[in-house]
Amino acid sequence: MKAVRIESPGNIHLVEVPVPEPPKGFVRVKVKAAAICATDLEVLDGRIAAKYPLIPGHEWSGIVDKTGPGVDECWLGERVIGSNDVVCLTCPACRRGEWRYCKSFEEIGFKRDGAYAEYVIVPAYGLCRIPEHIRFEEAALCEPLGVALGTMKKSHAKLGDTCLIMGAGSIGLCTLAVAKAMGLRDVVVCASSRKRETLARRHGADHFIAASEQDLMEEMARIHPDGTDVIIDATGMEACIQKALKLCRKGGTVVLEGYGRGKTMQICMDDIHINNLHVIGAGNNWNMHQKAMDLISSGVIDIRDFVSEKISLEDFEKGMELVRSRPEGFVKVEFVL
C-alpha cells in the first residue's frame, strides 16, 4: 500500500509498504480521509517523542476492511472514526475510563503507525460509527473537536460565563465552536494576525484581537473590565500563558490546552495564589469521539468549513507546507483517498 512515512526527523517520503494485518482486538480500516495536524509537524521535526520509522496521522475516518481475532464481524463495512489510544483496558486507570493514564499507553500516529496511508490498524474498542449523512472529511475532524470537548469539560465552564480563547489554530477554533454551543457569552478569540478572523467570527466569536496590531491587555480591559471567567490557552506559548493569568478574574479558571513543546516557562506565582485562580492542564482528552460525532451529526456543531484543502498522498509535501505557512483562512488540509 502507499503510505507517507517519516524515516527519521526531517526525513519523510511516500513509500510502498505491506498492507498490515489486524491483531487480536483490532481492525483494519481503509482510510478515506486523514487530516494533517500541527503536531504531526512536531513529529517530523523531531520535537515530539515518536517511534521511527513512523507513518503519522491521528485525525482519520474510513471503512472497516478486516477484523482481527476476537472482534465482532458486524464491524465489517462500517464507516468509522475511532480512538487512537492503545491501552491494556485492565489497569485501574483504564477501568476508570482514563485511557491516557494507562502505563502501557501508546498512541496511533506517534508510537504506532497512523493514517497517512491507504490502511490503518486501530483498536476495536474505540470505534464509533459515522452516520450516513456525514462525509468522511468532516468525520475526521472529530479528533480535534474531541480535544476541545475534553478541554471545556475540564474547565467546568457554565452557561453565561465569559471566555477568552488564546490562539486561532484548529484546536482554538474547535474550542470556540464548543464554547458557543455551551452558551458561553462575550467570547473573545486572540490570534497573532487576522488570517482567521473571518472564520472565527463566522463561528461565533463576539470579539477578535490581532496581537500583532492591538494590545491584548488594553483590549481585554475594555471587553471584560472585571476579568474573564474562563480563559483557554490553545497556544502553549509562555507569553500567552503569562497574560492569561493576569487577565483572568479573581477566582476564575485558566485552562492550558496548548502543547508547550517541552519548554520550561516562567510565571508569576502570585497571579495564581493571590487571585485564587484555578489552573487546569488539558493535555490528555480521551473518549470524546462519540460525543464529537453526536454533536456534528445533530447539527449542534458545524465545522465543515475547517477543511480548507484536499490532497492525495502523493501531494504530502504541499500539505505539509500549507500547515507550516498557514495562509489566510486556512485551517486544515486532508488526505482524501
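Remember, predicted model here, so these are calculated numbers, not experimental data.
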| message | Could you check whether any side-chain heavy atom of V27 comes within less than 4.5 Å of a side-chain heavy atom of V122, counting everything from C-beta outward? | response | yes
| request: Please tell me if the side chains of T39 and H58 come closer than 4.5 Å, counting only heavy atoms from C-beta onward. | output: yes
| field | Those residues that, when tested against E138, pass side chain to side chain donor-acceptor pair (under 3.5 Å) (two or more places apart) | value | none
| request: Look at K180 together with D206 and state whether they make a salt bridge at an N to O cut-off of under 4.0 Å. | output: yes
| field | NZ/NE/NH1/NH2 to OD/OE distance under 4.0 Å, E314 and K2 | value | yes
Tabulate below the donor-acceptor pairs under 3.5 Å that side-chain atoms of residues 182-193 make, not counting sequence neighbours, or state none.
residue	atom	partner	partner atom	Å
R185	NE	G160	O	2.7
D186	OD1	H207	NE2	2.8
S193	OG	K195	N	3.3

| task | Test H203 against every option in D305, T198, D302 by the side chain to side chain donor-acceptor pair (under 3.5 Å) rule and name the one that passes. | result | D305
| Salt bridge or not for E59 and K332, using N-O below 4.0 Å? | yes
| message | Would you say D40 and Y116 are linked by a side-chain donor-acceptor pair, where the criterion is simply a distance under 3.5 Å? | response | yes
| V331 backbone acceptor or donor facing S308 side chain under 3.5 Å | yes
| message | Is any side-chain heavy atom of M288 closer than 4.5 Å to one of K153? | response | yes
| query | Taking 4.0 angstrom as the limit, do K66 and E21 come out as a salt bridge? | reply | yes
| query | Below 4.5 Å, heavy atoms only, C-beta onward: do V86 and W99 meet side chain to side chain? | reply | no
| message | I need the Q290 CD to L127 CG distance, nearest 0.5 Å. | response | 10.5 Å
| Taking side chain as C-beta onward, heavy atoms only, is I48 less than 4.5 Å from Y259? | yes
| query | If two hydrophobic side chains count as joined below 4.5 Å and joins carry through other members, does V336 share a cluster with I311? | reply | no
| said: Running the 4.5 Å side-chain criterion over Ile, Leu, Val, Met, Phe, Trp and Tyr, what cluster does I171 land in, apart from itself? | reply: V147
| said: Salt bridge or not between R261 and D45? Use side-chain N to carboxylate O under 4.0 Å. | reply: no
| Does any non-hydrogen side-chain atom of C240 lie less than 4.5 Å from one of K243? | no
| salt_bridge(D65, R28) N-O dist < 4.0 Å | yes
| Looking at E219 and R222, does any basic side-chain N land under 4.0 Å from a carboxylate oxygen? | yes
| field | Close side-chain approach of V15 to E7, heavy-atom, < 4.5 Å | value | yes
| query | Under 4.0 Å between a Lys/Arg side-chain N and an Asp/Glu carboxylate O for K310 and E137? | reply | yes
| So, does N275 use its side chain to make a donor-acceptor pair with the main chain of L277 at under 3.5 Å? | no
| message | Strictly distance-based, threshold 3.5 Å: is any side-chain N or O of Q242 a donor or acceptor partner for the main-chain N or O of C268? | response | no
